[in-house]
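Any value given below was found using the heavy atoms of this structure, including those in side chains, with hydrogens, waters and symmetry copies removed. Model, not experiment: these values are computed from the prediction.
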Amino acid sequence: MSLPAFGLGTFRLKGQTVFDTVTNALELGYRAIDTAQIYENEADIGRALAASDVARDELYLTTKIWVDNFSHDKLIPSLKDSLSKLGTDRVDLTLIHWPSPANAVPMEAYLGALREARELGLTRAIGVSNFTIALLQQAIGIVGPGELATNQIELSPYLQNRKLAEFARSQGVPVTSYMTLAYGKVLNDPVLATIAGKHGATTAQVALAWAMQQGYAVIPSSTKRENLASNMKACDLRLSDEDMAQIATLDRNERQANPASLAPAWD
(Lines give C-alpha, C1' and ligand atoms only; values in the text may rest on other atoms or scores of the structure.)
Protein backbone atom coordinates (compact mmCIF):
# COMPACT_ATOMS: atom_id res chain seq x y z
CA MET A 1 0.00 0.00 0.00
CA SER A 2 1.35 3.41 -0.93
CA LEU A 3 1.37 6.22 1.60
CA PRO A 4 -2.11 7.82 1.72
CA ALA A 5 -2.19 11.53 0.89
CA PHE A 6 -4.73 12.27 3.61
CA GLY A 7 -5.30 10.80 7.05
CA LEU A 8 -6.22 11.45 10.65
CA GLY A 9 -3.69 12.61 13.22
CA THR A 10 -4.32 11.71 16.86
CA PHE A 11 -1.65 13.66 18.75
CA ARG A 12 -2.95 14.86 22.15
CA LEU A 13 -6.20 12.89 21.81
CA LYS A 14 -6.85 10.31 24.51
CA GLY A 15 -9.57 8.24 26.12
CA GLN A 16 -13.14 8.77 24.99
CA THR A 17 -12.04 11.79 22.94
CA VAL A 18 -9.83 9.76 20.61
CA PHE A 19 -12.39 6.94 20.52
CA ASP A 20 -15.10 9.35 19.36
CA THR A 21 -12.77 11.12 16.94
CA VAL A 22 -11.64 7.90 15.24
CA THR A 23 -15.23 6.62 15.16
CA ASN A 24 -16.45 9.81 13.48
CA ALA A 25 -13.51 9.85 11.07
CA LEU A 26 -14.13 6.28 9.95
CA GLU A 27 -17.83 6.99 9.45
CA LEU A 28 -16.91 10.02 7.32
CA GLY A 29 -14.57 8.00 5.11
CA TYR A 30 -11.13 8.40 6.67
CA ARG A 31 -9.05 5.30 6.08
CA ALA A 32 -5.59 6.35 7.33
CA ILE A 33 -4.92 6.83 11.05
CA ASP A 34 -1.66 8.06 12.57
CA THR A 35 -0.73 7.39 16.19
CA ALA A 36 2.40 6.82 18.31
CA GLN A 37 3.47 4.97 21.41
CA ILE A 38 4.04 8.22 23.31
CA TYR A 39 0.50 9.43 22.55
CA GLU A 40 -0.82 6.79 24.96
CA ASN A 41 -3.95 6.33 22.85
CA GLU A 42 -3.27 3.15 20.88
CA ALA A 43 -5.63 1.05 23.03
CA ASP A 44 -8.50 3.52 22.65
CA ILE A 45 -7.90 3.68 18.90
CA GLY A 46 -7.96 -0.11 18.92
CA ARG A 47 -11.36 -0.01 20.63
CA ALA A 48 -12.70 2.32 17.97
CA LEU A 49 -11.36 0.12 15.17
CA ALA A 50 -12.91 -2.97 16.75
CA ALA A 51 -16.27 -1.23 17.04
CA SER A 52 -16.19 -0.10 13.42
CA ASP A 53 -17.57 -1.95 10.41
CA VAL A 54 -14.53 -0.91 8.34
CA ALA A 55 -12.43 -3.93 7.36
CA ARG A 56 -8.81 -3.96 8.53
CA ASP A 57 -7.55 -4.31 4.96
CA GLU A 58 -9.21 -0.99 4.09
CA LEU A 59 -7.20 0.84 6.74
CA TYR A 60 -3.70 2.29 6.76
CA LEU A 61 -2.39 2.37 10.33
CA THR A 62 0.77 4.18 11.33
CA THR A 63 2.48 4.15 14.71
CA LYS A 64 5.81 5.46 15.92
CA ILE A 65 8.47 3.92 18.15
CA TRP A 66 9.33 6.06 21.17
CA VAL A 67 12.96 6.85 21.95
CA ASP A 68 12.94 4.72 25.13
CA ASN A 69 12.31 1.65 22.95
CA PHE A 70 15.10 2.09 20.40
CA SER A 71 17.45 -0.61 21.67
CA HIS A 72 17.36 -3.90 19.79
CA ASP A 73 15.93 -5.80 22.74
CA LYS A 74 13.10 -3.29 23.23
CA LEU A 75 12.00 -2.13 19.78
CA ILE A 76 10.28 -5.27 18.52
CA PRO A 77 8.62 -6.11 21.87
CA SER A 78 7.35 -2.52 22.09
CA LEU A 79 5.90 -2.76 18.58
CA LYS A 80 4.21 -6.04 19.46
CA ASP A 81 2.69 -4.27 22.47
CA SER A 82 1.44 -1.50 20.16
CA LEU A 83 -0.14 -4.09 17.88
CA SER A 84 -1.87 -5.70 20.85
CA LYS A 85 -3.31 -2.34 21.91
CA LEU A 86 -4.43 -1.55 18.37
CA GLY A 87 -6.01 -4.99 18.04
CA THR A 88 -4.15 -5.93 14.87
CA ASP A 89 -1.41 -8.34 13.85
CA ARG A 90 0.50 -5.69 11.90
CA VAL A 91 0.55 -1.98 11.14
CA ASP A 92 1.03 -0.58 7.67
CA LEU A 93 3.80 1.83 8.65
CA THR A 94 6.11 2.12 11.63
CA LEU A 95 8.23 5.21 12.13
CA ILE A 96 11.17 6.14 14.32
CA HIS A 97 9.53 9.04 16.17
CA TRP A 98 12.66 11.16 16.77
CA PRO A 99 16.35 10.53 16.16
CA SER A 100 17.97 9.01 19.24
CA PRO A 101 18.83 11.86 21.66
CA ALA A 102 22.60 12.38 21.81
CA ASN A 103 22.83 9.26 19.61
CA ALA A 104 22.39 7.16 22.74
CA VAL A 105 21.29 4.28 20.52
CA PRO A 106 23.18 4.15 17.21
CA MET A 107 20.99 4.57 14.15
CA GLU A 108 22.27 1.29 12.73
CA ALA A 109 20.82 -0.48 15.77
CA TYR A 110 17.32 0.97 15.77
CA LEU A 111 16.88 1.01 12.01
CA GLY A 112 18.20 -2.54 11.90
CA ALA A 113 15.61 -3.59 14.48
CA LEU A 114 12.90 -1.76 12.57
CA ARG A 115 13.86 -3.52 9.37
CA GLU A 116 13.76 -6.81 11.27
CA ALA A 117 10.23 -5.97 12.45
CA ARG A 118 9.23 -5.58 8.82
CA GLU A 119 10.78 -8.92 7.94
CA LEU A 120 8.75 -10.49 10.75
CA GLY A 121 5.56 -9.08 9.24
CA LEU A 122 4.84 -6.74 12.15
CA THR A 123 4.83 -3.73 9.82
CA ARG A 124 4.44 -3.45 6.07
CA ALA A 125 6.63 -0.38 5.71
CA ILE A 126 9.18 1.57 7.73
CA GLY A 127 10.10 5.22 7.94
CA VAL A 128 11.37 8.05 10.10
CA SER A 129 10.09 11.25 11.64
CA ASN A 130 11.81 14.53 12.51
CA PHE A 131 14.94 13.59 10.56
CA THR A 132 17.10 16.36 9.12
CA ILE A 133 18.92 16.20 5.78
CA ALA A 134 22.06 14.79 7.42
CA LEU A 135 20.09 12.22 9.42
CA LEU A 136 18.05 11.24 6.37
CA GLN A 137 21.26 10.74 4.39
CA GLN A 138 22.59 8.51 7.16
CA ALA A 139 19.34 6.53 7.33
CA ILE A 140 19.29 5.93 3.57
CA GLY A 141 22.88 4.77 3.80
CA ILE A 142 21.82 2.19 6.37
CA VAL A 143 18.56 0.82 4.92
CA GLY A 144 19.22 1.56 1.26
CA PRO A 145 17.49 3.72 -1.36
CA GLY A 146 13.74 3.38 -1.67
CA GLU A 147 13.32 1.68 1.70
CA LEU A 148 11.90 4.60 3.72
CA ALA A 149 8.17 5.08 3.20
CA THR A 150 8.24 8.64 4.58
CA ASN A 151 9.96 11.27 6.68
CA GLN A 152 7.22 12.80 8.83
CA ILE A 153 8.15 16.39 9.61
CA GLU A 154 6.56 19.58 10.84
CA LEU A 155 5.57 21.57 7.79
CA SER A 156 3.07 24.41 7.48
CA PRO A 157 2.66 27.69 5.60
CA TYR A 158 4.71 29.23 8.44
CA LEU A 159 7.41 26.53 8.36
CA GLN A 160 7.80 25.41 4.77
CA ASN A 161 10.99 23.41 5.32
CA ARG A 162 11.90 23.66 1.63
CA LYS A 163 15.50 22.41 1.78
CA LEU A 164 14.59 19.26 3.68
CA ALA A 165 11.50 18.61 1.57
CA GLU A 166 13.45 19.05 -1.65
CA PHE A 167 16.20 16.73 -0.43
CA ALA A 168 13.68 14.08 0.57
CA ARG A 169 12.04 14.34 -2.84
CA SER A 170 15.41 14.00 -4.56
CA GLN A 171 15.99 10.76 -2.63
CA GLY A 172 12.54 9.34 -3.32
CA VAL A 173 11.42 9.68 0.30
CA PRO A 174 7.81 10.91 0.55
CA VAL A 175 7.14 13.67 3.07
CA THR A 176 4.32 13.58 5.60
CA SER A 177 3.43 16.99 6.97
CA TYR A 178 2.37 17.26 10.59
CA MET A 179 1.06 20.42 12.26
CA THR A 180 0.10 21.65 8.80
CA LEU A 181 -2.29 24.10 10.46
CA ALA A 182 0.41 25.28 12.92
CA TYR A 183 -1.76 24.45 15.95
CA GLY A 184 -4.56 26.45 14.35
CA LYS A 185 -2.50 29.61 13.92
CA VAL A 186 -2.99 29.62 10.14
CA LEU A 187 -6.79 29.58 10.47
CA ASN A 188 -7.01 33.36 10.86
CA ASP A 189 -4.29 34.22 8.36
CA PRO A 190 -5.50 37.04 6.06
CA VAL A 191 -3.66 35.72 2.99
CA LEU A 192 -5.16 32.27 3.40
CA ALA A 193 -8.56 33.80 4.15
CA THR A 194 -8.49 35.73 0.87
CA ILE A 195 -7.57 32.60 -1.07
CA ALA A 196 -10.24 30.63 0.77
CA GLY A 197 -12.87 33.22 -0.10
CA LYS A 198 -11.97 32.99 -3.76
CA HIS A 199 -12.54 29.22 -3.75
CA GLY A 200 -15.50 29.10 -1.37
CA ALA A 201 -13.28 27.10 0.99
CA THR A 202 -11.98 27.37 4.55
CA THR A 203 -8.48 28.48 5.52
CA ALA A 204 -7.82 24.98 6.88
CA GLN A 205 -8.77 23.47 3.53
CA VAL A 206 -6.44 25.90 1.76
CA ALA A 207 -3.48 25.04 4.01
CA LEU A 208 -4.06 21.30 3.63
CA ALA A 209 -4.54 21.57 -0.14
CA TRP A 210 -1.34 23.64 -0.37
CA ALA A 211 0.60 20.81 1.28
CA MET A 212 -1.00 18.01 -0.74
CA GLN A 213 -0.52 19.93 -3.98
CA GLN A 214 3.22 19.80 -3.33
CA GLY A 215 3.06 16.06 -2.92
CA TYR A 216 3.07 15.94 0.87
CA ALA A 217 0.78 13.66 2.85
CA VAL A 218 -1.22 15.39 5.60
CA ILE A 219 -2.65 14.11 8.89
CA PRO A 220 -4.85 16.89 10.34
CA SER A 221 -6.62 16.36 13.63
CA SER A 222 -9.91 17.60 15.03
CA THR A 223 -12.29 16.51 17.77
CA LYS A 224 -15.30 17.99 15.96
CA ARG A 225 -17.13 15.90 13.39
CA GLU A 226 -17.94 18.94 11.24
CA ASN A 227 -14.25 19.90 11.09
CA LEU A 228 -13.24 16.35 10.25
CA ALA A 229 -15.70 16.42 7.35
CA SER A 230 -14.57 19.86 6.26
CA ASN A 231 -10.88 18.93 6.29
CA MET A 232 -11.55 16.04 3.91
CA LYS A 233 -12.79 18.50 1.29
CA ALA A 234 -9.23 19.76 0.94
CA CYS A 235 -8.59 16.68 -1.19
CA ASP A 236 -10.82 18.18 -3.90
CA LEU A 237 -9.49 21.74 -3.72
CA ARG A 238 -7.12 22.84 -6.47
CA LEU A 239 -5.13 26.02 -5.86
CA SER A 240 -3.83 28.22 -8.66
CA ASP A 241 -0.17 29.00 -9.26
CA GLU A 242 -0.89 32.48 -7.93
CA ASP A 243 -2.40 31.02 -4.76
CA MET A 244 0.64 28.82 -4.23
CA ALA A 245 2.99 31.76 -4.80
CA GLN A 246 1.13 33.85 -2.23
CA ILE A 247 1.31 31.08 0.36
CA ALA A 248 5.04 30.72 -0.32
CA THR A 249 5.51 34.25 1.06
CA LEU A 250 4.12 33.22 4.46
CA ASP A 251 7.18 31.15 5.40
CA ARG A 252 8.74 32.54 8.58
CA ASN A 253 10.53 29.48 9.95
CA GLU A 254 8.08 29.35 12.84
CA ARG A 255 8.37 25.96 14.47
CA GLN A 256 5.74 24.63 16.89
CA ALA A 257 7.41 21.33 17.88
CA ASN A 258 10.94 21.86 19.19
CA PRO A 259 11.50 19.87 22.40
CA ALA A 260 14.96 20.62 23.75
CA SER A 261 15.57 17.03 24.84
CA LEU A 262 14.73 15.58 21.42
CA ALA A 263 15.18 18.09 18.64
CA PRO A 264 18.14 17.62 16.30
CA ALA A 265 20.05 20.52 14.76
CA TRP A 266 17.35 21.60 12.33
CA ASP A 267 18.16 22.46 8.72
Under the side-chain hydrogen bond (donor to acceptor under 3.5 Å, both in side chains) definition, can you give me all pairs with a residue in residues 74-88, not counting sequence neighbours?
Q37-S78, Q37-S82, E42-S82, R56-T88, D81-K85

How long is the gap from OG1 on T223 to CG on N24, to the nearest 0.5 Å?
9.5 Å

Distance-only, no hydrogens or angles: does the Q213 side chain make a donor-acceptor pair with backbone N or O of R238 under 3.5 Å?
no

Return yes if some donor-acceptor pair links the side-chain N/O of Q160 with the main-chain N/O of P157 below 3.5 Å, else return no.
yes

Give me the ring orientation class for H97 and W66: parallel if the planes are under 30° apart, tilted from 30 to 60°, perpendicular past 60°.
perpendicular

Going through the checks in order, is the side chain to side chain contact (heavy atoms under 4.5 Å, CB included) test met by T123 and L83?
CA-CA 9 Å; T123 183; L83 298 182; over 6 Å; no

Might you point out which heavy atoms bring S222 and T21 nearest each other, and give the distance in Å?
O-CG2, 3.2 Å

Using the rule given for side-chain hydrogen bond (donor to acceptor under 3.5 Å, both in side chains), can you reason through T63 versus T94, listing the C-alpha separation, both sets of side-chain angles and the distance that settles it, and then say yes or no?
CA-CA 5 Å; T63 195; T94 304; over 6 Å; no

For side-chain hydrogen bond (donor to acceptor under 3.5 Å, both in side chains), just list the numbers for W266 and N161, CA-CA rounded to whole Å, side-chain angles, deciding distance to a tenth of an Å, and then say yes or no.
CA-CA 10 Å; W266 299 115; N161 236 329; over 6 Å; no

Evaluate D20 against R47 for salt bridge (charged side-chain N to carboxylate O under 4.0 Å, His left out), listing each step before the verdict.
CA-CA 10 Å; D20 292 341; R47 286 197 302 119; over 6 Å; no

Same cluster or not: are L159 and Y216 linked, directly or through other Ile, Leu, Val, Met, Phe, Trp or Tyr residues, by side-chain heavy atoms under 4.5 angstrom apart?
no

Taking every heavy atom of L3 against every heavy atom of A217, the minimum-distance pair comes out as CD2-CB, 4.0 Å

For a quick check under 3.5 Å, do N253 and Y158 share a side-chain donor-acceptor pair by atom type?
no

Does E154 use its side chain to pair, donor to acceptor, with the backbone of Q256 at less than 3.5 Å?
yes

Would K198 and D243 pass as an ion pair if we require N to O under 4.0 Å?
yes

For S177 and L155 the tightest heavy-atom approach is OG-O, 2.7 Å

Assess whether atom CG of N258 is packed by more than 12 heavy atoms of other residues, nucleotides or ligands within 6.0 Å.
yes

Can any side-chain N or O of T176 pair as donor or acceptor with the backbone N or O of Q152 at less than 3.5 Å?
no

Are F131 and L164 packed together at the side-chain level, in the sense that at least one heavy-atom pair is separated by less than 4.5 angstrom?
no

So does A48 get a backbone contact from the side chain of S52, meaning a donor-acceptor N/O pair under 3.5 Å?
no

Is the shortest side-chain heavy-atom distance between E27 and V54 below 4.5 Å?
no

Where W98 and P259 come nearest, the two heavy atoms and their spacing
CH2-CD, 3.6 Å

Applied to residues 125-140, the side-chain hydrogen bond (donor to acceptor under 3.5 Å, both in side chains) test, sequence neighbours excluded, yields N130-Y178

Scanning both residues in full, the closest heavy-atom pair of A234 with A209 reads O-CB, 3.8 Å

Taking 4.0 angstrom as the limit, do K233 and D236 come out as a salt bridge?
no

Mind running side chain to side chain contact (heavy atoms under 4.5 Å, CB included) on R169 and V175 for me, showing each step along the way?
CA-CA 8 Å; R169 182 179 290 114; V175 167; over 6 Å; no

May I have the step-by-step check of side chain to side chain contact (heavy atoms under 4.5 Å, CB included) for R31 and Y60, ending in yes or no?
CA-CA 6 Å; R31 292 297 180 264; Y60 192 99; over 6 Å; no

One should read off an interatomic distance between N227 CG and T202 OG1, to the nearest 0.5 angstrom, of 8.5 Å

Go through it in stages, so that I can follow the logic: the residues are T35 and N41, the test is side-chain hydrogen bond (donor to acceptor under 3.5 Å, both in side chains), and I'd like the CA-CA distance, side-chain angles, deciding distance and then a yes or no.
CA-CA 7 Å; T35 182; N41 62 14; 2.6 Å; yes

Of the non-hydrogen atoms in A207 and V186, which two are nearest, and what is the gap between them?
CB-CG2, 4.2 Å

When rounded to the nearest 0.5 angstrom, what distance separates CD in E40 from CZ in R12?
13.5 Å

Are the side chains of I140 and L148 in touch, meaning some heavy atoms are under 4.5 Å apart?
yes

Interatomic spacing from CG in L59 to OH in Y30 - rounded to 0.5 Å
14.0 Å

In terms of side-chain geometry, is the basic nitrogen of K224 or E226 positioned less than 4.0 Å from the acidic oxygen of its partner?
no

Are V22 and F19 connected in a single hydrophobic cluster, I mean Ile/Leu/Val/Met/Phe/Trp/Tyr linked by side-chain heavy atoms less than 4.5 Å apart?
no

Would you call D267-R255 a salt bridge at under 4.0 Å N-O?
no

Before giving the answer on side chain to side chain contact (heavy atoms under 4.5 Å, CB included), spell out for L49 and L26 the whole-Å C-alpha distance, their side-chain angles and the decisive distance to 0.1 Å.
CA-CA 9 Å; L49 298 179; L26 293 174; 4.0 Å; yes

Here the gap from L228 atom CG to S221 atom OG, rounded to the nearest 0.5 Å, amounts to 7.5 Å

Under 3.5 Å donor-acceptor, S156 side chain and T180 backbone:
no

Could you pull out every donor-acceptor pair under 3.5 Å between side chains of residues 107-118 and any protein atom, sequence neighbours left out?
from: R115; atom 1: NH1; to: I142; atom 2: O; distance (Å): 3.3
from: E116; atom 1: OE1; to: H72; atom 2: NE2; distance (Å): 2.9
from: R118; atom 1: NH1; to: E147; atom 2: OE1; distance (Å): 3.1
from: R118; atom 1: NH2; to: E147; atom 2: OE1; distance (Å): 2.7

For residues L135 and V128: do they belong to one hydrophobic cluster (side chain heavy atoms under 4.5 Å, members Ile, Leu, Val, Met, Phe, Trp, Tyr)?
yes

